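Here's the structure we're looking at; comments come further down.
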Amino acid sequence: MAPLTIITMFFLWARSMLTVQGGDPTITFEWKVTYGTISPLGVPVKGILINGQFPGPNINSTTNNNVIVNVFNNLDEPFLLTWSGVQHRKNPWQDGVLGTNCPIPPGTNYTYKFQVKDQIGSYMYYPVTAMHKAAGGFGGLRINSRLLIPVPYADPADDYTLIAGDFFNKGYTSLKKVLESGRNLGRCDGVHINGKVAKGDGNDEPLFTMEAGKTYKFQGHTMKLVEMEGSHTVQNDYESLDAHVGQCFSVLVTANQEPKNYFVVASIRFTKREVIATGVIRYNNGKGAPSPKLPPPPVSWAWSLNQFRTFRWNLTASAARPNPQGSYKYGSINITRTIKLANTAHKVDGKLRYALNGVSYVEPTTPLKLAEYYKVADKVFKYDNIPDDPPSEITKNRETAIQSYHLDGYSFFAAAIETGNWSPEKRKNYNLLDAVSRHTIQVFPKSWAAILLTFDNCGMWNIRSEVWDRRYLGQQLYASVVSPNKSLKDEYNMPDGALVCGVVENMPKPPPPYT
């Protein structure tokens with residue numbers, strides 16, 4: 001199953017228990033996770049709701065806000081949420097992936113406490129347990145700029161979130177059985193936008209309503225790209241944007257067309273069968289149904305590759321801090337280590353597994369970070385399975401499908417995507433000036449992508465395929481970034497109230513290693 005893409009379209013605190021930072025505003029949420037019937041494609045199926053909603057509620061925050069989310073798991077199975085794109089500086093304990101956190105047992109609750117430190121932009125949250133992501137439990141997470149930090153565009157009239165994703169009518173438990181039997185999921189049944197698909201019969205409820213002449217932050221009409229996964233971009237106009245799995249964009253759209261209804265179109269591309277979903281945008285006092293004639297999508301991934309090359313970092317714009325983005329000269333940092341990652345698919349005991357560098361990850365019953373903290377890592381995992389290290393990673397796709405990879409705890413510079421094989425000589429083609437700093441990168445078939453980063457955020461961080469059946473069947477790994485000084489300036493201790501499980505469940509909690 002191809003996971004979700006969130007598109008925001010704009011016409012846009014020291015002790016072990018301490019994870020919420022003093023002095024900055026705190027926003028608090030209480031979420032009840034339940035089952036419920038959903039029917040994105042018109043077929044009723046068992047879904048996962050948050051406070052009765054599918055998709056779940058949006059989190060609207062501001063840079064440096066402390067975010068508290070008390071999650072009550074009312075399902076009959078473990079559940080865990082991750083906050084995709086939120087960097088959790090010095091605080092991997094709140095990342096919400098199975099390598100750092102125990103899932104929330106049924107009938108219990110867990111409170112996430114994290115700070116959206118020095119970040120702006122459009123992100124999302126979603127479940128990482130089982131195949132829950134295929135049934136809901138996901139939503140948008142927005143980090144607005146502080147009032148004293150200027151943004152490179154006028155305030156829009158409103159700000160809307162669109163989440164597009166594929167959907168399977170057989171339900172998430174059946175999908176899980178398919179994967180565990182050693183098969184792939186095959187084709188989805190359709191695509192949804194915010195959990196629904198417009199019928200186009202004039203009776204569709206609009207996704208949102210616009211007022212003629214005003215500018216909004218979201219997609220439709222001609223789109224002016226202004227932000228991508230926490231970075232302000234050079235503001236180019238697009239009629240179509242390729243949002244690969246797990247990627248986030250913010251665009252400005254001006255309501256400058258004839259006042260009536262219009263379609264927003266999301267489609268799965270680069271497959272033999274075209275799958276399309278539509279949603280309705282309505283003008284205030286507009287009359288007339290949207291045109292049934294939809295523009296054809298671009299046909300080749302070469303088009304998508306060329307569009308990627310038009311994405312540029314806005315060097316003069318301030319992001320979360322007042323200094324311009326371009327004041328960070330990432331291109332002048334020496335590459336001290338190169339990691340090459342290649343995705344593969346193969347059979348193990350007759351069952352399909354996906355892998356990176358031939359290693360297929362299996363989720364342990366003890367989160368890796370807990371095993372490391374309790375000093376029993378040798379009972380759970382081995383370090384250094386892949387022999388090469390930081391500031392640069394080369395990801396290669398040896399298959400015929402487009403891949404999408406995400407790194408928790410960081411943003412990286414998307415320096416290059418090219419066809420063929422990578423070699424050190426290819427570094428001369430890297431964009432070392434204005435590549436966009438982001439968290440998710442696509443890799444085209446028989447191609448490679450180069451990302452540049454400095455591993456400066458201590459913790460245990462997940463690198464994964466955002467194509468969820470691939471992640472479920474092993475296409476992921478973890479990077480342990482350690483603090484040699486064991487200082488609270490580098491990483492927080494395990495917080496009070498953290499869930500424990502696996503081999504550490506009945507062990508005494510270690511004394512805080514970081515001081």
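Computed from a prediction, not measured in an experiment: that's the story for all the values here.
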Cys458 to Pro92 - nearest heavy-atom pair and separation: O-CD, 3.9 Å
If we ignore hydrogens and angles and just use 3.5 Å, is the side chain of Tyr283 paired with the main-chain N or O of Gln257 as donor and acceptor? yes
With no hydrogens and no angle check, do the side chains of Arg427 and Thr338 hold a donor and an acceptor under 3.5 Å apart? yes
Working for salt bridge (Lys or Arg N to Asp or Glu O under 4.0 Å), residues Arg142 and Asp159: CA-CA 10 Å; Arg142 181 182 299 117; Asp159 188 336; 2.9 Å; yes
If we count only N and O atoms by modelled type, under 3.5 Å, do the side chains of Gln115 and Asn64 hold a donor and an acceptor together? no
Is it true that a side-chain atom of Gln119 and a backbone atom of Asn144 form a donor plus acceptor pair closer than 3.5 Å? no
Determine whether Tyr361 and Tyr478 satisfy the following criterion, ring pair (Phe, Tyr, Trp, His ring centres under 6.0 Å), listing intermediate values before the conclusion. CA-CA 9 Å; Tyr361 182 86; Tyr478 283 82; 5.6 Å; yes
Would you say the side-chain atoms of Gln325 pair up with the backbone N or O of Ser318, donor to acceptor, closer than 3.5 Å? no
Side chain of Tyr492, backbone of Lys489: donor and acceptor closer than 3.5 Å? no
Mind running side-chain hydrogen bond (donor to acceptor under 3.5 Å, both in side chains) on Ser411 and Ser437 for me, showing each step along the way? CA-CA 6 Å; Ser411 61; Ser437 176; 2.9 Å; yes
Once side-chain contact (heavy atoms from CB on, under 4.5 Å) is applied, do any residues pair with Asn306, and if so which ones, sequence neighbours excluded? Arg309
Heavy-atom nearest pair, Ile441 first then Ala449, reads CG1-CB, 4.0 Å
Tyr373 and Trp93: CA distance, side-chain angles, deciding distance, ring pair (Phe, Tyr, Trp, His ring centres under 6.0 Å) verdict: CA-CA 11 Å; Tyr373 194 84; Trp93 302 104; 5.2 Å; yes
State whether the side chain of Asn51 and the backbone N or O of Gln53 hold a donor-acceptor pair below 3.5 Å, judged by distance alone. no
d(Leu225 CG, His232 NE2) to nearest 0.5 Å is 11.5 Å
Under a 4.5 Å cut-off applied to non-hydrogen side-chain atoms, are Asn343 and Ser465 in contact? no
If we count only N and O atoms by modelled type, under 3.5 Å, do the side chains of Ser122 and Glu229 hold a donor and an acceptor together? no
For residues Phe138 and Phe54, establish whether the separation of their ring centroids is below 6.0 Å. yes
Whether the side chain of Ser84 engages the backbone of Met124 through a donor-acceptor N/O pair (distance < 3.5 Å, no angle test) should be reported. no
Do side-chain atoms of Tyr330 reach the backbone of Leu433 as a donor and acceptor pair under 3.5 angstrom? yes
Is a side-chain donor or acceptor of Asn431 paired with a backbone partner of Ala415 at a separation under 3.5 angstrom? no
Step by step, work out the ring pair (Phe, Tyr, Trp, His ring centres under 6.0 Å) result for Tyr110 and Phe72. CA-CA 7 Å; Tyr110 176 72; Phe72 290 80; over 10 Å; no
For the residue pair Ile402 and Pro445, establish whether any side-chain heavy-atom pair is separated by less than 4.5 Å. yes
Check against salt bridge (Lys or Arg N to Asp or Glu O under 4.0 Å), Arg471 and Glu363: CA-CA 10 Å; Arg471 184 216 65 94; Glu363 297 281 8; 3.3 Å; yes
Side-chain donor-acceptor contact under 3.5 Å, Thr316 with Asn314: yes
What do the steps show when you test Asp118 against Arg321 for salt bridge (Lys or Arg N to Asp or Glu O under 4.0 Å), and what is the final call? CA-CA 7 Å; Asp118 292 338; Arg321 293 184 175 186; 2.5 Å; yes
Kindly indicate whether the side chain of Leu368, heavy atoms from C-beta on, has any atom under 4.5 Å from the side chain of Thr100. no
Give me the ring orientation class for His88 and Trp461: parallel if the planes are under 30° apart, tilted from 30 to 60°, perpendicular past 60°. parallel
Can you tell me how far OH of Tyr405 sits from CG of Leu341, rounded to the nearest 0.5 angstrom? 8.0 Å
Taking the side chain as every heavy atom from C-beta outward, state whether Asn109 and Asn73 have any pair of such atoms under 4.5 Å apart. no
Determine whether Leu81 and Tyr112 make a side-chain contact, defined as any pair of heavy atoms from C-beta on separated by less than 4.5 Å. yes
Is there a side-chain contact between Leu80 and Leu98 (heavy atoms, below 4.5 Å)? yes
Which is it for Tyr126 and Trp468 under the ring pair (Phe, Tyr, Trp, His ring centres under 6.0 Å) test, yes or no, and what are the steps along the way? CA-CA 11 Å; Tyr126 50 76; Trp468 215 241; 5.4 Å; yes
Distance from Leu432 atom CG to Lys329 atom NZ, nearest 0.5 Å? 12.5 Å
Is the count of non-hydrogen atoms from other residues, nucleotides or ligands lying under 6.0 Å from Leu147 atom CG greater than 12? no
Roughly how far, to the nearest 0.5 Å, is the CE atom of Met494 from the CG atom of Leu499? 8.5 Å
How long is the span from the CZ atom in Phe412 to the CG atom in Leu453, to the nearest 0.5 Å? 8.0 Å
Where do Thr440 and Ser404 come nearest, in terms of heavy atoms and distance? CG2-OG, 3.4 Å
Is the His244 to Phe444 ring centre distance short of 6.0 Å? yes
Test salt bridge (Lys or Arg N to Asp or Glu O under 4.0 Å) on Lys32 and Glu30 and set out the steps. CA-CA 7 Å; Lys32 292 179 172 59; Glu30 183 176 290; 2.7 Å; yes
May I ask you to decide if Arg312's main-chain N or O and Thr233's side chain share a donor-acceptor pair within less than 3.5 Å? no
Report yes if the side chains of Ile463 and His406 come closer than 4.5 Å at any heavy-atom pair, otherwise no. no
Measure from the side-chain N and O atoms of Thr111 to the backbone N and O of Asn70, and report whether any donor-acceptor pair falls under 3.5 Å. no
For Phe413 and Trp313, take the angle between the two ring planes, folded into 0 to 90°, and tell me which bin it lands in: parallel under 30, tilted 30 to 60, perpendicular over 60. perpendicular
With sequence neighbours excluded, what pairs up with Ser480 under the side-chain contact (heavy atoms from CB on, under 4.5 Å) test? Glu372, Tyr383, Met460, Val482
Let me confirm one number: the OG1-CG distance from Thr82 to Asn462, rounded to the nearest 0.5 Å. 7.5 Å
If the plane angle is over 60° it's perpendicular, under 30° parallel, otherwise tilted; pick one for Phe311 and Phe308. perpendicular
When Arg89 is tested against each of Asp456, Asp95, Asp408 for salt bridge (Lys or Arg N to Asp or Glu O under 4.0 Å), which residue passes? Asp456
Please check if any side-chain donor atom of Thr310 sits under 3.5 Å from a side-chain acceptor atom of Tyr238, or the reverse. yes
Test item: side-chain donor near acceptor, Tyr514 and Glu491, under 3.5 Å: yes
Is the shortest side-chain heavy-atom distance between Leu162 and Val264 below 4.5 Å? yes
Those residues at least two apart in sequence (or on a different chain) that pass side-chain contact (heavy atoms from CB on, under 4.5 Å) with Pro206 are Thr209, Val280, Arg282
Pair Tyr410 and Phe455, ring centroids less than 6.0 Å apart: yes
